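In what follows, a single structure is set out as structure tokens and then discussed.
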Amino acid sequence: MNGQYASLLVALPLISAFFVPLIKGLGGRAIKYYLTLITALQAGVAAWVFKTVYTTGKPIIVMAGGWRPPVGIDLYIGHFAALFVLIVALVSFFMAIFSFDSVSTEPTDKYAMLFLLLMLGATGMIATGDIFNLFVFMEITSITAYALTAYNKTGEAAEAAMKYIVLGGIGSSFFLIGITLIYGSTGTLNMAQLAQLAGSINPTVIKVGLSLLVFGLAVEAELFPLNAWAPDAYQAAPHPVTAMFSAFVVKAGLYALARLVYLFSHAAGWDFILKLLVIMATLTVFAAEFSALRQRDVKRMIAYSSISQVGLIALALSVGSQLGVQAGVFHMINHAVVKTLLFLTVGYVGVKVGGTGIENFSGLGRKMPLTAFALTVGALAAVGIPLFNIFWSKVWIIIASIEQGYAWEAGVVLAASVVEAVYYLRLIHTMWFGGWDGMRIRESLPLGTIALFLVLLILAIGVYPNPFWTLAKSAGTDIFNVSRYIANVPLMGVGP
Amino acid sequence: MVSVLKRSLAIITLLIIGYWLAQGLAGVPFGQDRMLVGKYYLENVKAQTGAVNAVTAIVVNYRGFDTLGEVTVLFIASTGVGALLWRRKKRRTAKTEGSVVLRTGSELLFPFILMFGTYIFIHGHLTPGGGFPGGATIATAFLILYMAFVDYEIPHRLFEPLEGLAGMGYVLVGLIGLAIGSYFLFDWIWQTWHWGAANLGRLFSGGFIPIIYTLIGLKVGTELSGIVDSMLTEEVRE
Amino acid sequence: MTLVPEAYVVPLTLFSPLVFGVLAWLFDRDWVRETLGVIGAAVPLTVLSLAYEKASSGTISYTIDTGVFKLHFVLNSLSWYFAFIGALVGIAMAFGLSSTSRRGYDWLFSLMSFTGVMGVFLARDFVSLFLFWELMTFGSFMMVLRRNRHESLKYFVLSVIGAYSMLLAIGMVYAKTGTLDYAMASQTLLLLTKMGGVSKAYVDTIFALFLLAFGVKAGVVPLHVWAPGAYGENDQSYTSFFSGVLSKAGVYGFIITLFVMPSLYGIYFAMGTFHGHLTGTYLIAWAGAVTVVVASFLAVLQEDIRKLLAYSSVGQVGYIILALGVFNGVAVGGAMFHVLSHAMFKGLFWLISAALILRTGKTRFEDFGGLAEKMPVTFAMALIAVLSLAGIPPMAGFASKWLIYEGAIQAHMPLVAGTIFLGSALAFAYVVRFLYAVWFGQRPSDLDDVREAPLPLLVGMTVLAIPNIVFGIAPGLAVRLINRFFNTNITVNSYYSISTPTGTYNALSVTLVLIVGLAIAGLVYIYGANARKIKVTNTYQSGNPVTEEYNLVIRRNFYRPLAEALDFWLKYSWDRFYERLANLSEDFADWLREGFYNGNVQSYSWYLAIILLILAIWGVL
Amino acid sequence: MSVPHIGLYYFGALSLVLVGIYGVLVKKNLLKILISLSIVETGVNLLLISVGYITGRSAPILSEGIGPKQAVDPIPQALVLTAIVIGVATTAMALSVAITLYEKYGTLNIEEIRRLRG
Amino acid sequence: MFDWRLILDAIGILIYALIVGFIFMGIERKAMARIQRRIGPPIYQPIIDTLKLLGKKESVSHGFVYNFGPVFALGVSITALLFIPIANFQLFSSNADLIVVAYLLEVPMLGIMLGAMSSGNPYSALGVQRGLLTMVAMQLPYGLAIIALVQHWGTFKLSQLVALQQLQGWSITVPALALAFIVFDIVFQALLGLEPFDIITAPAEISMGPMVEYGGKHAALLFTQHAVQLFAETAFFAVLFFGGASNLLDLFLKQLLVLFIAIFVASIYPRFTIDQAAKFFWKWPTIIGIIAVLLTV
């Protein structure tokens, strides 16, 4: 089983997605079982890839079609990609189980296909080593996201999808112009070779090209002015899909942004891009937190909180130091775990109690104790209370950003997270001490086990973060240390 | 009043952005030979893939992953449109029957358009065009039938499984490549079996490019006609 | 010391309360929960007392390596002193809680804040300080959340602002020095300040941030707004711990900035002097002074027993801050002693109010009255607490206040010393007001069946009452302990007599002479004929009889004249100011959200165009 | 601030992109916005193609007579094939969303489609 | 460790103070009467009253605390007295200093209030409230005066204070301390509960304020307490500002001087209401006190 079998990561979801129309006749439940099976298989493959990468220490380079880069397209599954593909697979597996209860609208076979292809898109974006391939996988993720946002076929869902399509369309077109410029000046599309040639490109072209690339990805990674579509999309999408959005779709965009930005670190005008990203990230955190303050709908509130945490990650990644990137990656892991738990529980309440308005949450402590407990742990973790996982990464991010001289930005971020504490604790109060209408709802076993597993994971990272911190450190160096990246990719000596 | 202000503001912003992009493009002068990887492709396309048409060789063989992704994109589009416009019971929205000329013409032309479409995607590695244009022409054949007849609908029970099968076929070809040549999407026909090395430039050459292109052609044809069908039908409200 | 091996001392003190708290929360049966809770609170006390000589002579250090950070804890004489006070009040709280609250929830979060405070006292590097600080805040917040959301949010927002400003300061220190440990950070910072590697403004911001962080928890005036709500709206026996010990975490923070990090000394010197005093400490002194005056004036005018005790607690901590700010040996020694005595008498006060509320269910002064006969033991405890808080000689309160007087006047800070006089008079006033309103006067009819406080609560009270008397009569014991970690120039002649360069106080002789005086007065009393005991309602009221309805009593608005004298100042209230600020920020949030996310795709695409414009303008220039 | 002289093809493609963006920014009807979006996509595809063109060379079909030296850069043409299909896919999705929107809101004027806001 | 000589001194001084205290009360009433052009009772009248009250057959009590109050007040007054260096007898002043004595002089008020409050009579409660408010009002200037004094002499020990004043002349001679003297004198009026600030007892309004419930031996206890308090405070005043005294006679004359100043002021001024008193104390005396303090820093 040599490294090339890692390409199963892409082939498996694809072939199973194409297989779904054949088993359409078996009915909704069978397809959902099939979906869970496939996501479980994908998790297995991802775990195997994770084990090989972390035991050998060397990244797996999947060369499609047998061509060595830059001639063919290569999938660079380094420390970060291995870790995150596993997270993508696990979250999808959990959400597949969650889809049993929460997705009832009719064409479940098409839902299963879109679900698998969303997972595929995110995996592809994280693993690819070629910028045009990155564009293709970004498009796969975005179009599946458009379809899934509008999946509920309500007016709001269609409106949210429309906004996402218009903004996503503009973003990806400019991203393509960026690729055209970079390809026009260098002649290659492979990331490693681009990193080598970055210094020698004509400065104006690389300045315009890089800012266009960053602009395109910033729309996908929900930075401040460009994330206007995100709250609507999160709110209107079916519950499992929202969890997948916030857990890894945004992360893939953020990773791609970080990868591209650090690739061109020798290019001219690089530090301006970093400064712009820092400002946009801080504004994201600020705007998202304040908008979540007086939200009537809990799902939209948690969407805003997820956007602000993403802003925090973007700040960490664009601070420009190794420590910052490592802290950012550690926050990505923590955020993925916490937000999956939050959207899982809020979605489940929305399904069982009918609607995610704040009034449905009052007295939840007695109505659905297990879900309420999981939601409280998730909320406390998101706020950054010690003995929970986000506390560690938030402290490191603040220290890293101050160390790089961004004390004002750190101040704004901390002020914003005070606001975050307020609205989460208001939610906790309504849940445990709000009025109770007396009837208790039975909670399903599988979701309970998933919620408990996530709660235990949060507490485990919170109490003893060492193992996860070493993971995040190696993944962080994988992004930041571009020279090691170039060394790992077996470049063919192409060109004049 | 506001719209005039808005329009002028938009024009000014776009001029500045245009100027900025133009400045970037000026760095990439038109028509110069800046090929790096392109030159490698042109020199070894015949030897390594057996295809005459360098573009299709790149599309299917060298950068096969892109095409795989891109086939998925189209698949997502058709599933998405199907999911969004899904109704329990649907019927055609067309009210008026096509004119006599259209009806008889379409009946006559239908088989020839199909044949022309298959010609395009079978000769993908020789002549310009390939799976996608071929599939599109096939879809236009069905489109004409939709325009001509009020109650015509594509045979869904046949097309959807066909679409799935074609997609699976493509991935299977890739997986066989993984099994035999230990690389995903490896052209085992050309690289290991060396079929069709002799008749370069004729039909049976170009490794697994024709096979993939036929699969893509079928897939694109069925998908696009599926999209056309969902757009041209509406819900039956009891 | 053989009983508890040295390696286990710190982890036991740190984590046993939290562990037992969680157990108590899990096994939520009636008497199981109480025993677990009390054991959880007792472990730190026993372990600390066993580790006394080891800690006072050398240090016991302990490190947890969580990968991300190395958390470093040290038990030396200073941290032992604070931890022991915390443990003592903690055990009293445990006894109190076992009778006033029947819920696992309360036990979990009270013991969690216990662990938090222990962690803050024992921490030796900034991150563990910050971690346990947040834990302590969160624990105490959850206690208030259950009872009153508005107050709890006000408390949480203010303390989180404090915590985050501390994190900012830590970040700034780490940015310049690269280390997080107190000692190393202070050395490098001292060098940097000397070599000019770090600008004065930078040092001032670090100092201001630390002052803000610790000021919030200690309740310095502009930041004290959360105290009445958080202390009041809470299970009163937990508040004895909350106000007795958690406010000391704020004080401990001041000590860290002033003494534990010696180089910060350098920072204070670097901040220049203000006619003879270090600007930094001068600021702290004035902050303490203002707190004492404002809090005491507000305490006097309160109508609710919990609010009165809360403001009085803020005022007393103001004394400690003031004494730290005065910054000469005697005053700092006085501050440390006042930390001990405040924890004792304030804890006692809160337990008494817990007993009162538990038995009568009332919290406002006008509903109380004439409980002296009904609850004699609690009344005796209340008398001890009153004497100690008012600073009457034989009590511990007096000894510590006396030291603070001496220190402040010696250090040539006259106006600050003046405020101490005013503060102690006000303390005397509101304490007597408490005595009159609750214990004496006509008893409302619905309080006739009031029973004495339950036994565990009484045990808790005695635990806190004894040190009040012991340290009152023998202040030398406490001062010898304090001298071990600070070189206050208070000489301890013997366990009962202490003297400063300018004055001596022989507690034993004062008490003895007092007893002799009382004996003489008693003789005079016995010499007269024996007195006939009559009912409380039979009084000279120029004729009109005292009945139930026509029961002349002035428990309400006891100090109306003072309020009239101060009406000019009472118009301004920090509370309303913060309330307006909070609403302002929420309206801003609404405006921002409505303005930015206005739902129109076109405006969203305009935002994209604007970003492109920014990139273009930067590109073109 | 010299005026950048760019080839005619670049100019054409760039102006297409700008016209498309103008349409999105100003037009009120959703369909017009979607049309301007696809104009932007065509503009971008044109730009991608024109980058690969080398003057005086012909299509990269290496049949007899055309060697590696006479062929244009094939990669942009391969990329544009995918880009076009992506454009088609986005437009198809957008249109189906527009159909549902019209069904639910009864209008296509984006001023009125504003239920999700704040 | 009992040195009997000290005990004997203490008892002697105590008896002397008691007698002189009653005589001072008598002088006070006599002088007031003389100023109001009436003869007034003989000087030893208070002694007769106390003995009469003590001799009463039986008196009324409202419970333990009601009895404990006056006893505590008298006890603390005696303690305060024993810590002031009376003329050449040092008594216990070596192991307590100015702050302790100042506090001990104020604590008897708590005793009286304990008794008054437990009596349940609203008038006594009103008296308690006024007493406390006066104390709060006068505490700031009182403190400032003491601070000025201590800052000038640099020590808290009373015996050392007396010795320094013997050497360098009385405190009044120092200009700054003269201001402190004025402030202390105004505050002294309130301490004794004399005319301008006698709102506490306010005979006309609330019939003797806190003492309204007291009769028989309790009233006697309070009279003796007032006598001892009078003697102690005048002695304290003398020690602070008039350089203490080498012998009893010298001390007696200084105490008389202080008493007469107080009596003259008392007989002139009408009574302040309680918030007027508070406003007054926080205006002039505090300002003078601040000036005195800043001069001596």
Side-chain angles (χ1 to χ4, degrees), chain C residues 370 372-373 390-393 398 402 405-406 409 412 414-415 417-418 420-422 424-426 428-429 432 435-436 440-442 497 502-506 509-510 513-514 517-518 520-522 524-525 527-534 536-537 539-541 552-554 558-559 561-562 564-565, chain E residues 54 56-63 65 67 71-72 74-76 78-79 82 92 95-97 99-100 103-104 107 110 113 117-122 125-126 128-129 132-133 135-136 139-140 142-144 147 150-151 154-157 212-213 216-217 220-221 224 274-275 278-279 293-294 297:
Chain C
E373 289 86 10
I392 313 291
F398 176 76
W402 178 71
Y405 273 111
E406 299 267 331
I409 297 173
H412 292 293
L415 298 181
I420 305 177
F421 275 91
L422 181 60
S424 60
L426 284 167
F428 193 82
V432 167
L435 261 183
Y436 170 70
F440 301 120
Q442 313 296 353
S497 155
T502 55
T504 63
Y505 169 54
N506 182 330
S509 74
V510 168
V513 169
L514 189 63
L518 285 177
I520 297 164
V524 170
Y525 177 77
Y527 174 73
N530 46 28
R532 175 168 54 82
K533 185 163 184 339
I534 55 166
V536 168
T537 46
T539 58
Y540 298 94
Q541 280 191 326
L552 284 172
V553 85
I554 57 160
F558 195 77
Y559 286 118
L562 186 62
E564 278 146 18
Chain E
L54 274 176
K56 274 207 168 172
K57 205 156 44 342
E58 51 99 67
S59 68
V60 162
S61 146
H62 287 276
V65 177
N67 310 339
V71 166
F72 179 77
L74 180 57
V76 173
I78 291 164
T79 336
L82 294 180
F92 293 94
N95 37 33
D97 67 356
I99 301 283
V100 176
Y103 246 73
L104 284 174
V107 166
L110 176 69
M113 284 181 192
M117 286 189 287
S118 62
S119 69
N121 183 322
L126 262 177
V128 163
Q129 176 214 16
L132 282 172
L133 279 183
M135 196 199 79
V136 163
Q139 193 69 23
L140 187 57
Y142 181 63
L144 288 175
I147 293 165
V150 165
Q151 276 184 335
T155 169
F156 280 90
K157 292 195 180 65
V212 72
E213 277 299 310
K217 61 182 179 186
L221 268 175
T224 39
I274 197 64
D275 51 314
K279 284 209 177 82
V293 153
L294 291 181
V297 85

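Quick caveat, the model's predicted, so the values are computed rather than measured. Order of the sequence lines sets the chain letters (A, B, ...), proteins ahead of strands, with each chain counted from 1.
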Find the one option among [options] whose heavy-atom pairs under 4.5 Å with chain E are most numerous.
options: Tyr525(C), Phe398(C), Phe558(C); answer: Tyr525(C)
options: Ile420(C), Val524(C), Leu415(C), Val432(C); answer: Val432(C)
options: Leu422(C), Ile409(C), Ile520(C); answer: Ile409(C)
options: Ala417(C), Pro393(C), Ser509(C), Gly418(C); answer: Ser509(C)

For residues [X] and [Y], report the shortest heavy-atom separation together with the two atoms involved.
X: Lys279(E); Y: Glu564(C); answer: NZ-O, 4.3 Å
X: Leu518(C); Y: Phe72(E); answer: CD2-CA, 3.5 Å
X: Gly75(E); Y: Ala521(C); answer: N-CB, 4.0 Å
X: Val293(E); Y: Pro414(C); answer: CG1-CB, 2.7 Å
X: Glu406(C); Y: Asp97(E); answer: OE2-OD2, 2.5 Å

Within the structure provided, determine whether [X] and [Y] are in side-chain contact (heavy-atom separation under 4.5 Å).
X: Tyr436(C); Y: Val128(E); answer: no
X: Tyr559(C); Y: Val136(E); answer: no
X: Ile99(E); Y: Tyr505(C); answer: no

| Options Val107(E), Leu110(E), Leu82(E), ranked by heavy-atom pairs under 4.5 Å with chain C, top entry |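 The option with the most such pairs is Leu110(E).
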| field | For chain C, the option from Leu140(E), Leu294(E), Leu74(E), Val100(E) that forms the most heavy-atom pairs under 4.5 Å | value |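 Between Leu140(E), Leu294(E), Leu74(E), Val100(E), the count favours Val100(E).
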| Side chain, backbone, both or neither: which part of Val150(E) has a non-hydrogen atom closer than 4.5 Å to chain C? | side chain
| message | At a 4.5 Å cut-off on heavy atoms, which part of Tyr103(E) comes close to chain C: side chain, backbone, both, or neither? | response | side chain
| Nearest-0.5 Å distance, CD1 of residue Ile147(E) to CZ of residue Phe421(C) | 5.0 Å
| task | Take Leu426(C) and Gln139(E), measure what side chain to side chain contact (heavy atoms under 4.5 Å, CB included) needs, and give me the verdict at the end. | result | CA-CA 9 Å; Leu426(C) 284 167; Gln139(E) 193 69 23; over 6 Å; no
